[in-house]
Amino acid sequence: MNCNAIASLGPKGLQGLSLTAQDFASRWRAVPAGLAEPSTHDLYLAPHCDDICFSLGAFVLRRRKGVLLTLFSQSGYVAQPRTVAELGDDRIAAISSLRQREDLAFTEQTGLRLCFGGLDEAPLRGHAPFDTAKVEDDARQLDEAVVAAIFAAAMERPTDRRPWLFCPMAIGGHIDHMVILKIVLRHYNALRARWRIAFYEDLHYASVRRMRAEGLARFQCLAARLKLRRSLWPIGAAVDKLALVALYRSQFAESPVSIKPFTPAQSITAPAHEALWSTEPA
């Protein structure tokens with residue numbers, strides 16, 4: 001393709017071309033050796049109960065080490081509201097407890113240590129989940145609490161190589177995901193002194209091609225200085241990841257039977273996989 005043809009694509013076309021190139025490169029590039037090293041000190045940041053399972057369940061199951069920190073662990077959402085009889089504050093407590101037990105079942109299956117941040121998810125703070133107009137205010141207001149929860153969940157400092165911190169890319173634009181991403185980027189240098197940092201493609205959101213492309217474009221604007229590269233981590237046996245997903249039964253009207261919502265959508269042929277972006281060389 002010549003320069004005139006490339007220029008004719010426009011900004012969105014250029015973003016799509018760049019994303020396709022990244023996807024293609026990650027399809028054939030060896031995974032970074034450093035990312036393949038699990039540690040009991042690795043820290044997985046989940047906005048909500050289920051986010052790490054849906055986004056990195058197979059990766060976590062393979063590694064079987066680390067800490068899961070679910071930050072917005074106070075919740076009022078279930079897929080079938082009539083299954084929870086309680087009302088008012090009792091309802092929030094019942095749903096939060098239910099969802100936290102699902103997280104516990106996941107960590108028992110995958111060998112992680114579980115911590116909760118105890119923060120209210122967006123609707124409990126009075127925000128629509130995808131009302132991004134409130135992101136900056138919430139990121140400022142919650143900054144201290146989120147950073148404190150991250151360091152409280154950390155185990156003692158290891159004496160060998162730095163462990164990993166895995167942060168959502170906020171694909172999908174959910175306000176809680178955006179808040180965590182913005183806080184991690186704001187404190188990137190301080191966190192980088194303790195952890196190597198990788199960003200994961202949020203699923204199920206990244207399973208929708210348009211949503212994934214828009215989310216990655218937004219992320220790359222926010223994190224442009226980091227010069228990240230994508231690595232692809234095959235899921236392997238889909239049944240194993242779907243079994244983990246099914247642990248979060250409160251979030252489904254029916255248990256999912258397809259791996260499609262739990263692998264990123266791409267314009268190239270690729271195996272079912274999960275994806276991480278990092279500065280780590282292959």
Side-chain angles (χ1 to χ4, degrees), residues 43-52 54-56 67-78 88-100 102-103 114-154 164-195 197-206 211 214-226 228 251 277:
L43 182 58
Y44 297 86
L45 299 184
H48 311 105
C49 303
D50 73 31
D51 280 316
I52 287 297
F54 292 3
S55 303
L56 289 178
V67 181
L68 170 59
L69 171 58
T70 301
L71 286 153
F72 297 99
S73 53
Q74 296 300 302
S75 176
Y77 175 79
V78 290
D89 291 343
D90 288 343
R91 182 176 182 83
I92 301 304
I95 292 174
S96 299
S97 177
L98 170 60
R99 298 205 65 191
Q100 290 169 21
E102 291 172 341
D103 248 5
L114 179 59
C115 297
F116 294 116
L119 301 175
D120 289 344
E121 65 177 2
L124 302 185
R125 303 195 305 274
H127 305 328
F130 299 95
D131 180 8
T132 56
K134 300 294 185 181
V135 167
E136 292 297 339
D137 287 345
D138 276 17
R140 283 193 295 270
Q141 292 170 10
L142 294 168
D143 184 283
E144 184 176 346
V146 168
V147 172
I150 289 173
F151 281 99
W164 284 94
L165 183 148
F166 299 99
C167 175
M169 300 177 81
I171 294 171
H174 192 294
I175 184 173
D176 294 340
H177 293 234
M178 291 287 294
V179 164
I180 292 174
L181 173 61
K182 283 180 173 290
I183 290 173
V184 167
L185 290 175
R186 182 182 301 150
H187 296 277
Y188 185 83
N189 290 336
L191 294 170
R192 181 92 169 125
R194 182 69 178 264
W195 292 275
I197 300 175
F199 300 88
Y200 61 85
E201 295 189 19
D202 318 56
L203 293 163
H204 59 91
Y205 303 109
M211 191 177 294
E214 292 174 355
L216 287 176
R218 180 176 55 245
F219 172 82
Q220 287 169 339
C221 287
L222 292 171
R225 74 184 191 277
L226 301 183
L228 301 165
Q251 301 304 293
W277 295 66

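Small disclaimer: the values here were computed from a predicted structure and weren't measured.
- Of all heavy-atom pairs spanning R218 and G172, the tightest one is NH2-N, 3.8 Å.
- Under a 3.5 Å cut-off, the side chain of T70 and the backbone N or O of C49 do not form any donor-acceptor pair.
- Within the 4.5 Å cutoff, the side chain of I180 has no heavy atoms near those of the I183 side chain.
- Here the shortest heavy-atom pairing between V78 and I95 reads CG1-CG2, 3.9 Å.
- In this structure, Q74 CD and L71 CG are separated by 12.0 Å, a value rounded to the nearest 0.5 Å.
- Listed by chain and number, the residues in a salt bridge (charged side-chain N to carboxylate O under 4.0 Å, His left out) with R140 are D137 (sequence neighbours excluded).
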For this session: Before giving the answer on ring-ring contact (aromatic ring centres under 6.0 Å, His included), spell out for Y200 and F166 the whole-Å C-alpha distance, their side-chain angles and the decisive distance to 0.1 Å.
Result: CA-CA 7 Å; Y200 61 85; F166 299 99; 7.8 Å; no
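- Atom CZ in F219 sits 8.5 Å away from atom CD1 in I171 (nearest 0.5 Å).
- For the atom pair CD1 of I175 and NZ of K134, the computed distance is 8.5 Å after rounding to the nearest 0.5 Å.
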For this session: Run the numbers on H174 and D202 for side-chain hydrogen bond (donor to acceptor under 3.5 Å, both in side chains), then give the verdict.
Result: CA-CA 10 Å; H174 192 294; D202 318 56; over 6 Å; no
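- With hydrogens and angles ignored, the 3.5 Å screen pairs a side-chain donor or acceptor of D51 with a backbone N or O of H48.
- Considering only residues two or more places apart in sequence or on other chains, Y77 meets the side-chain contact (heavy atoms from CB on, under 4.5 Å) condition with S75, A79, E121, Q251.
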For this session: Might you work through the side-chain contact (heavy atoms from CB on, under 4.5 Å) test for F130 and M178, ending with a clear yes or no?
Result: CA-CA 10 Å; F130 299 95; M178 291 287 294; over 6 Å; no
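- Atoms CG and CD1, on L69 and I52 in that order, are 9.5 Å from each other to the nearest 0.5 Å.
- Of all heavy-atom pairs between S73 and G117, the closest is OG-N, 3.9 Å.
- Within the 4.5 Å cutoff, the side chain of C115 has no heavy atoms near those of the L68 side chain.
- When side chains are defined from C-beta on, C167 counts as touching L165, because their heavy atoms get closer than 4.5 Å.
- The salt bridge (charged side-chain N to carboxylate O under 4.0 Å, His left out) search around E102 returns none, not counting sequence neighbours.
- With respect to the salt-bridge test (charged N to carboxylate O, under 4.0 angstrom), the residues R99 and D50 qualify.
- Side-chain contact check for R125 versus D176: some heavy-atom pair is nearer than 4.5 Å.
- Residues A154 and R194 come closest through the heavy atom pair CB-NH2, 3.7 Å.
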Problem set entry | ring-ring contact (aromatic ring centres under 6.0 Å, His included) between F199 and W164, intermediate numbers included | CA-CA 10 Å; F199 300 88; W164 284 94; over 10 Å; no
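- Between L216 atom CG and E214 atom CD the span is 10.5 Å, to the nearest 0.5 Å.
- Using a 4.5 Å cut-off on side-chain heavy atoms (C-beta onward), V146 and L119 make contact.
- Between Y188 and I197 the shortest side-chain heavy-atom distance falls below 4.5 Å.
- Across all non-hydrogen atoms, the minimal contact from L222 to R225 is O-NH1, 4.3 Å.
- Contact of the L185 side chain with the L226 side chain is registered, since non-hydrogen atoms from C-beta on lie closer than 4.5 Å.
- Using a 4.5 Å heavy-atom cutoff, the side chains of R192 and H187 are not in contact.
- Minimum heavy-atom separation, L45 to P168: O-CD, 3.7 Å.
- Going from atom CE of M169 over to atom OH of Y205 covers 15.5 Å, rounded to the nearest 0.5 Å.
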